[in-house]
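Worksheet: the structure to be examined is printed underneath.
Computed from heavy atoms alone, side chains included, the values below leave out hydrogens, waters and symmetry copies. This is a predicted model, so every value here is computed, not measured.
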Amino acid sequence: MARIVVDPVTRIEGHLRIEAQVEGGSVTDAWSSGTMFRGIEIILRGRDPREAWIWTQRICGVCTTVHALASVRAVEDALGIEVPPNAELIRNIIASTQYVQDHVIHFYHLHALDWVDVTLALKADPAKTSQLAESISNWPKSSRAYFKAIQDRVKGLVESKQLSLFSSGYWGHPAYHLPPEANLLAVAHYIEALEFQREFIRIHAVLGGKNPHLQTYLVGGMASAMDPNEPHAPINPERITFLSEIAKTAQTFVEQVYIPDVLAVAGFYRDWFGRGEGLGNFLSYGDYPQAGIHDTSRYFLPRGAILGRDLTKVHPVDPAQVSEYVTHSWYEYSGGDSAGKNPYDGETNPKYTGPKPPFEHLDVEEKYSWLKSPRFVDTPMEVGPLSRMLVAYASGNAEVKELVNGVLSKLNAPPTALFSTLGRIAARALETQLMARQVPKWIDELNQNLNHGDLRVHNGEKWDPATWPKSAQGWGFHEAPRGSLGHWVQIEDRAIKNYQCVVPTTWNAGPRDAKGQRGAYEAALLKTPIADPDRPVEILRTIHSFDPCLACAVHVTNAQGRRFAEVQVR
C-alpha cells in the first residue's frame, strides 16, 4: 500500500492537506486536513455586534463579501430587524454578482488546468482551433489570427521561462485527453476570463465602494444611498445604466464562452461522470429573499436537503439540526469531544496535538485537522453549487429543471451523472448561467423603485443598543459560491458573548466525526483511479471540483500554540 500526500492542494489560496491510501491503482481511503487555525470567533468576543460583519469579512478575500452578509443577517435575526426591500435587492445583486465572477474564476483559473495541458496548446493548428471554436459558439474572438496570437504569447512565456501559474501542472500526464486544438482554445479563454472578471466585478465597486471587502453593509440594511437627482449618489439613473450594461456582458460571456467550454471539456472526460460522487447527501440553506428574509417559500434558490441520492424528496432544514464535532479536530469541548454541539453552544478552544512539523504522515487515528466536522441531523453533507442545483431541481424549480435537462440531453447523460466530479463542474456552470440571467432583473427592480420614489435602504429601528434586550441570539446564513455558510451569534449586555462560523469548506473538507463518518472530500476520493502516484492529478480533479477555499476554514497559529503577538484596536 502507498500513502500519497498532496500538500497544499489549492491552486491559489488555502492550507489543505490530503492523504490518500492507494491499492491496486485506486484510492481505498482518504483523509482531509486543514493545516492552519481560524481565530475570528475569539477575536469577536466582547465586541459590538454591529461591527461583526467588518471583522468576519476579513476571514477571506476570495469570496470577498459572503461573511459580511451572513453576519449582518445573524445580528438582524437576533435583534428582530427587518431590512427594506431595496437593501434586500442590493444584497441580492452583490451576492449574485459574486457567484458569476467567482464561478468563472474557478473554472478557468483554479480548475481548468487539471484538465487542460498547456504545453499541448503549442502543438495546435490555430486554423483547426478556429473551426472548433466556431462549431460550439458564436463568440466573436474565434479567428485563426486570434488563436495564432495566443499561441505565440504562450510560446513567449515558455521561451522566457516565466510560465507563472502555467508552470506547476502535471503536463504530459496520461490522464490529459484534450487534443491540442481544444487545449489552445481553453488557454485563450483562460486569458479572456481574467479580463472579463476584472470588468464585471466593478458592480461591487459601485454598490459596495470597493472589492474585495465591500464597505456598505449595515445591520438593518445597506449604506448605498439611492437618489435620482444626485450625480454622486452610489445608486442613481446613470449608475443603474452602468450596472445594466455590465450585467449584459456577463450573460454573453457565460453563454458564449463558459457554457460551451464546459460542454466541450466534458465530452473528452465522460468517465468522470462516474467518479468522485462521495456522500450522496446535499444541503442548501436557500437564498436570495424576494419577499423578506422570513418568507423562505419566495427564495430564488430554495432551502432543503437531499439524503441518500433520493431526488424525489426534499427534506426541510432548520439551523437547530446543525452540529459540529471535534473528535478528530485540534480543538477541545468542555464535557468531552465525543458529542457534537450546535453552533449556539459551540466552542473555539484550540489544542494542537498533532505531530511536530515536518512530519511524513498525519496520525489519522487521533485528531488530524484544524477543521471541525459539521453535521446535519448527525449526517455528513455536501454543500455548494451541485447541492443548490439538486435541491432546486428536486423542488421543481422550472428554470433550473430546464437548464439541467438541457445540458444532460446535450451530454446524453442521466440525472444521476450529476453525482460526480464532472457533475459539480456542470452544476456550477449552470448556476452561473442562472444567476447571470437574474442579475439584470434585480437591477431593473431596483431601478423601478428608484423611479417610483422608494429610496429606503436602511431600517434604523433598534440601531440604538439601549433598545436591545439584555440577551439575544441569532442565526445568519448565505449560500456562498462554495456552499452553505452559517453565522451564529449570542449577544449579552450589548456585546458579543459567543460567535461561531460554520463555512462551506468546513462542511466539505472536515475530518471524520465520532461515528467515523467521512466528510465530503474524504468520501469523494474513494475508488479514484491513480495512474501515477507521483503526479496524482486525479485527486486534484475531484478536490478542486468542490472549489476549496481554506481561508474561510482556517487561520493562524504555530504548532506549539504560542501567541506570536497581541494587537489592541482602539
OG1-CG distance between T353 and D363, expressed to the nearest 0.5 angstrom:
8.5 Å
Would you confirm whether S369, through its side chain, and G34, through its main-chain N or O, come within 3.5 Å as a donor-acceptor pair?
yes
Between P350 and W370, is there a side-chain heavy-atom distance shorter than 4.5 Å?
yes
Are Y217 and M222 packed together at the side-chain level, in the sense that at least one heavy-atom pair is separated by less than 4.5 angstrom?
yes
Ignoring hydrogens and angles, tell me if any N or O in the side chain of T506 forms a donor-acceptor pair with the backbone of K372 under 3.5 Å.
no
Pairing residues for F196 by the ring pair (Phe, Tyr, Trp, His ring centres under 6.0 Å) criterion, not counting sequence neighbours
F200, F253
Would you kindly say whether E347 and S334 are connected by a side-chain donor-acceptor distance under 3.5 Å?
yes
From Q98, Q101, H213, residue fulfilling side-chain hydrogen bond (donor to acceptor under 3.5 Å, both in side chains) relative to T64
Q98
Say you draw a straight line from CD of E199 to CD of E245; how long is it, rounded to the nearest 0.5 Å?
12.5 Å
Any Lys/Arg nitrogen of R298 or E88 sitting under 4.0 Å from an Asp/Glu carboxylate oxygen of the other?
no
Just wondering, are more than 12 heavy atoms of other shown residues or ligands nearer than 6.0 Å to CZ in R45?
yes
For V206 versus P234, what's the shortest heavy-atom pair and its separation?
CG1-O, 3.5 Å
With a 6.0 Å cut-off (strictly less than), is the heavy-atom count around NZ of K497, excluding the residue itself, greater than 12?
no
Do the side chain of N508 and the main chain of G519 share a donor and acceptor less than 3.5 angstrom apart?
no
Hey, does V62 have a side-chain heavy atom less than 4.5 Å from the side chain of P212?
no
For the backbone of T379 and the side chain of K515, can you confirm whether one donor and one acceptor N or O come within less than 3.5 Å of each other?
no
Any heavy-atom pair between the side chains of I293 and F477 that's under 4.5 Å?
yes
Nearest 0.5 Å, please: how far is CG in L89 from CD in E445?
5.0 Å
Between atom SG of C501 and atom CG of L485, what is the distance when rounded to the nearest 0.5 Å?
7.0 Å
Between the side chains of D48 and R50, is the shortest nitrogen-to-carboxylate-oxygen separation below 4.0 Å, so that they form an ion pair?
yes
Working to the nearest 0.5 angstrom, can you tell me the gap between R202 CZ and T249 OG1?
10.0 Å
Main-chain N/O of M435 paired to S96 side chain as donor or acceptor, under 3.5 Å
no
Quick note, salt bridge (Lys or Arg N to Asp or Glu O under 4.0 Å) partners involving residues 210-220, not counting sequence neighbours, are none
Backbone N/O of P511 and side chain of S373: donor-acceptor pair under 3.5 Å
yes
Donor-acceptor contact below 3.5 Å, side chain T505 vs main chain P548
no
M389 versus L434, closest heavy-atom pair with distance
CE-CD2, 4.0 Å
Look at the aromatic rings of F546 and Y521 and report parallel, tilted or perpendicular, splitting at 30° and 60°.
tilted
Do W330 and S33 come close enough that some side-chain heavy atom pair is under 4.5 Å?
yes
So F359 and L362, do their side chains get closer than 4.5 Å, heavy atoms only?
yes
Could you walk me through whether R91 and V72 pass side chain to side chain contact (heavy atoms under 4.5 Å, CB included), step by step?
CA-CA 11 Å; R91 291 177 180 184; V72 294; 3.7 Å; yes
Kindly determine whether N86 and L446 satisfy side chain to side chain contact (heavy atoms under 4.5 Å, CB included), including the steps that lead there.
CA-CA 7 Å; N86 286 329; L446 194 64; 3.8 Å; yes
Is the NZ or CZ atom of R47 positioned over Y499's six-membered ring, under 6.0 angstrom from the centre and within 45° of the axis?
no
Which atoms form the tightest heavy-atom contact between A78 and A472, and what is the distance?
O-CB, 3.5 Å
Out of curiosity, N449 CG to I235 CD1, how far, rounded to the nearest 0.5 Å?
10.5 Å
Look at the side chain of Y352 and the backbone N and O of P355, then say whether any donor-acceptor pair between them is shorter than 3.5 Å.
yes
If you look at every heavy atom in D454 and M226, which pair is closest and at what distance?
O-CE, 3.8 Å
Within the structure provided, determine whether N459 and V83 are in side-chain contact (heavy-atom separation under 4.5 Å).
no
Residue pairs involving residues 78-103 (criterion ring-ring contact (aromatic ring centres under 6.0 Å, His included); sequence neighbours excluded)
Y99-H103, Y99-Y288
Inter- and intrachain pairs under side-chain hydrogen bond (donor to acceptor under 3.5 Å, both in side chains), touching residues 464-482, at least two apart
D102-R482, D287-H478, R388-E479, K470-D493, Q473-Q490, E479-S484, R482-D547
Anything under 3.5 Å between a donor and an acceptor, one on a side chain of residues 437-444, the other on a protein residue two or more places apart or in another chain? List them.
| residue | atom | partner | partner atom | Å |
| --- | --- | --- | --- | --- |
| R437 | NE | E255 | OE2 | 3.1 |
| D444 | OD2 | Q448 | NE2 | 2.8 |

Counting C-beta onward and ignoring hydrogens, is there a side-chain heavy-atom pair between W463 and H458 closer than 4.5 Å?
yes
Heavy atoms of R375 and D513 approach each other most closely as NE-OD2, 2.7 Å
Using modelled atom types and a 3.5 Å cut-off, is there a donor and acceptor pairing between side-chain atoms of S329 and backbone atoms of L371?
yes
Evaluate the ring planes of H328 and Y368, with Trp represented by its six-membered ring, and classify them as parallel (under 30°), tilted (30 to 60°) or perpendicular (over 60°).
tilted
Applying side chain to side chain contact (heavy atoms under 4.5 Å, CB included), run through V503 and I59 and close with a yes or a no.
CA-CA 10 Å; V503 307; I59 287 175; 5.6 Å; no
For I491 and L79, run side chain to side chain contact (heavy atoms under 4.5 Å, CB included): C-alpha distance rounded to whole Å, both residues' side-chain angles, the deciding distance at 0.1 Å, then the answer.
CA-CA 9 Å; I491 302 170; L79 301 177; 4.3 Å; yes
Closest non-hydrogen atom pair, V314 against S395
CG2-OG, 3.7 Å
Q321 and side chain to side chain contact (heavy atoms under 4.5 Å, CB included): which single residue from D378, N342, L283, V377 fits?
V377
Donor-acceptor pair, side chain of E324 and main chain of G346, under 3.5 angstrom
no
side-chain hydrogen bond (donor to acceptor under 3.5 Å, both in side chains): pairs with one or both residues in residues 232-243, sequence neighbours excluded:
none
